[in-house]
Structures are given as structure tokens and as C-alpha cells.
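Numbering starts at 1 and runs along the sequence shown.
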Amino acid sequence: GCFECCIKCLGGIPYASLIATILLYAGVALFCGCGHEALSGTVNILQTYFDVTRAAGDVIDVFTMIDIFKYVIYGVAAAFFVYGILLMVEGFFTTGAIKDLYGDFKITTCGRCVSAWFIMLTYIFMLAWLGVTAFTSLPVYMYFNLWTICRNATVVDGANLCLDLRQYGIVTIGEEKKVCTTSESFVKMCDSNELNMTFHLFIVALAGAGAAVIAMVSYSTLL
């Protein structure tokens with residue numbers, strides 16, 4: 001009857017693949033959304049407090065790189081939205097209930113090739129997300145240093161701590177773009193909510209990239 005049909009349908013749902021898909025979408029959404037807003041906040045911080053301006057002409061500077069990263073984020077969001085759907089469909093066809101219904105002998109050579117292709121792509125994307133996670137940790141580290149300097153400036157009286165952007169390769173060696181605890185711009189930056197918000201957005205983006213890695217590992221074990 002209807003009850004048996006519902007039980008049969010529920011038994012054919014690949015719950016492990018479903019959880020991995022939800023984790024993948026959540027991780028990609030956090031990485032793309034928070035990463036995009038964090039990059040926009042970084043542009044405002046560099047222009048407002050570090051007095052960094054866009055280079056004239058076609059010179060590739062930090063602002064050009066940030067724009068490129070934003071377009072990469074758009075592409076990652078669209079690509080993994082489609083890839084998550086494909087992996088979910090693959091999970092439905094490789095679940096045990098489907099195999100019991102049609103039998104393993106029904107699996108064709110083309111089906112095996114498609115499964116092998118998905119396995120290879122999943123491993124490649126897993127390594128790619130590991131690289132993205134490592135790369136995302138760099139701005140978290142830089143903002144943590146800046147946040148630490150802000151805290152030390154209020155704890156240690158008379159301390160003159162500085163942050164030079166040349167240390168992180170954001171500007172060229174010939175440019176001296178730094179802020180010190182004795183400057184007015186540094187005090188305004190530490191008092192503003194923009195620094196704290198951007199720092200936490202990068203942390204959430206890092207967590208999203210880590211969630212995507214876990215989802216890729218889960219898919220690798222399921223396929």
C-alpha cells in the first residue's frame with residue numbers, strides 16, 4: 001500500500017550523501033558569502049586607515065587581486081552548486097537500496113566509468129579545498145596580528161607598536177604603508193566595528209572552507 005511505498009522510498013534515500021551535500025552547500029555558502037564581504041571590508045580598511053590607493057593603469061595591485069578573488073568566489077559558488085547536485089544524484093544511484101532493486105549485474109561499463117570519474121574529481125576538489133583552507137588562514141593570521149596590536153595598545157601604556165603592510169607583501173618594498181599605535185588612524189581603526197567584523201568574517205570563511213573539505217572527504221568514502 002501507500003505506507004509500504006513510503007518506506008521503500010525512504011529506504012532508497014542516501015542519507016550519508018544527503019548529509020555530505022548539506023555540509024558541502026553550507027561550507028561553500030559560508031566561504032563565498034563571508035569571504036566576499038571580508039574582502040570588501042579589507043578594501044575599505046586599506047583605503048581608509050592605511051591610505052592605500054589603487055594603482056593607475058593596468059598595474060596589478062592588491063585591489064586588482066581582491067577583485068579577481070571576488071570573481072573566483074562567484075565561480076566557486078556556481079560550480080559547486082551544480083557539482084553538489086551531481087554528487088547527490090550519484091549517491092542515489094549507488095545506494096544499497098537501488099542496488100538491491102536492480103542488481104549489481106545491471107551496472108554497465110559506462111556507469112563504472114562515470115563513478116570512477118566522480119571519484120577522481122572528488123579527490124581533486126578535496127585537495128583544492130585543502131589549498132583554499134590554507135590560503136584563507138593567511139588573512140586570518142594577519143587580522144589576528146592586527147587585532148592583537150589593538151588589544152596591546154590599550155593594555156600597555158606608552159607602547160609604540162606598528163604594522164607594516166610590506167611584511168605581508170600587500171604593497172611593494174618601496175612603499176611605506178604602516179600604522180602605529182600612536183597615530184590617530186590606528187585609534188580610529190581599533191575603535192571601529194569594521195576591523196572586528198572583517199576579522200570574524202574571515203574566520204567564518206575559514207570554517208566554511210574546512211566544512212567543504214570534510215564534505216569532500218565524506219564523498220570520497222561514499223563513492
Do you know the tightest heavy-atom contact between [X] and [Y]?
{"X": "Ala77", "Y": "Val28", "result": "CA-CG1, 4.1 Å"}
{"X": "Leu195", "Y": "Met189", "result": "CB-O, 3.8 Å"}
{"X": "Gly208", "Y": "Leu30", "result": "CA-CB, 3.9 Å"}
{"X": "Cys32", "Y": "Val76", "result": "SG-CG1, 4.1 Å"}
{"X": "Gly84", "Y": "Tyr219", "result": "O-OH, 4.3 Å"}
{"X": "Ala209", "Y": "Val132", "result": "CB-CG1, 4.3 Å"}

Determine, using the 4.5 Å side-chain heavy-atom cutoff (strictly less than), whether [X] and [Y] are members of one ILVMFWY cluster.
{"X": "Tyr71", "Y": "Met65", "answer": "no"}
{"X": "Val187", "Y": "Met197", "answer": "no"}
{"X": "Tyr141", "Y": "Val204", "answer": "no"}
{"X": "Leu23", "Y": "Met126", "answer": "no"}
{"X": "Ile214", "Y": "Leu18", "answer": "no"}

Gap separating the [atom1] atom of [X] from the [atom2] atom of [Y], nearest 0.5 angstrom:
{"X": "Cys34", "Y": "Ile73", "atom1": "SG", "atom2": "CD1", "result": "10.0 Å"}
{"X": "Thr48", "Y": "Leu46", "atom1": "OG1", "atom2": "CG", "result": "9.0 Å"}
{"X": "Leu121", "Y": "Ser220", "atom1": "CG", "atom2": "OG", "result": "11.0 Å"}

Kindly write out the residues that satisfy ring-ring contact (aromatic ring centres under 6.0 Å, His included) with [X], not counting sequence neighbours, or none if the list is empty.
{"X": "Phe81", "answer": "Tyr25"}
{"X": "Phe80", "answer": "Phe125, Trp129"}
{"X": "Phe50", "answer": "none"}
{"X": "Phe135", "answer": "Phe69"}

Worksheet entry | Check against side chain to side chain contact (heavy atoms under 4.5 Å, CB included), Leu87 and Met216 | CA-CA 10 Å; Leu87 286 177; Met216 291 290 102; 4.3 Å; yes
Discussion item. For Lys70, give me all partners under salt bridge (charged side-chain N to carboxylate O under 4.0 Å, His left out), at least two apart in sequence or on another chain.
Written reply: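 Once residues adjacent in sequence are excluded, Lys70 has no partner under the salt bridge (charged side-chain N to carboxylate O under 4.0 Å, His left out) criterion.
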Worksheet item: Which residues pass the salt bridge (charged side-chain N to carboxylate O under 4.0 Å, His left out) test with Asp67, sequence neighbours left out?
Response: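 Salt bridge (charged side-chain N to carboxylate O under 4.0 Å, His left out) list for Asp67, sorted by chain: Arg54.
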side-chain hydrogen bond (donor to acceptor under 3.5 Å, both in side chains) with [X]: which residues, sequence neighbours excluded?
{"X": "Thr136", "result": "none"}
{"X": "Thr133", "result": "none"}
{"X": "Tyr74", "result": "His36"}
{"X": "Asn196", "result": "His200"}

Practice prompt. Check step by step if side chain to side chain contact (heavy atoms under 4.5 Å, CB included) holds for Gln47 and Phe63.
Written response: CA-CA 10 Å; Gln47 292 178 335; Phe63 298 107; 3.7 Å; yes
Fill in: side chain to side chain contact (heavy atoms under 4.5 Å, CB included) assessment of Thr122 paired with Tyr83
CA-CA 10 Å; Thr122 302; Tyr83 191 67; 2.9 Å; yes
Practice prompt. Could you pull out all residues at least two apart from Phe199 that satisfy side-chain contact (heavy atoms from CB on, under 4.5 Å)?
Written response: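 Per chain and number, Phe199 pairs via side-chain contact (heavy atoms from CB on, under 4.5 Å) with Val140, Tyr143, Phe144, Trp147, Ile203.
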Fill in: Any residue meeting side-chain contact (heavy atoms from CB on, under 4.5 Å) with Glu194, in chain and number order, not counting sequence neighbours
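For Glu194 the side-chain contact (heavy atoms from CB on, under 4.5 Å) partners, ignoring immediate neighbours, are Asn44, Ile45, Tyr49, Ser192, Thr198.
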Worksheet item: Cut-off 3.5 Å, side chains only: do Asp61 and Thr64 have a donor facing an acceptor?
Response: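 Present: a donor and an acceptor within the cut-off.
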Worksheet item: Could you go step by step and tell me if Leu130 and Leu127 meet the side chain to side chain contact (heavy atoms under 4.5 Å, CB included) rule?
Response: CA-CA 5 Å; Leu130 284 173; Leu127 295 177; 4.2 Å; yes
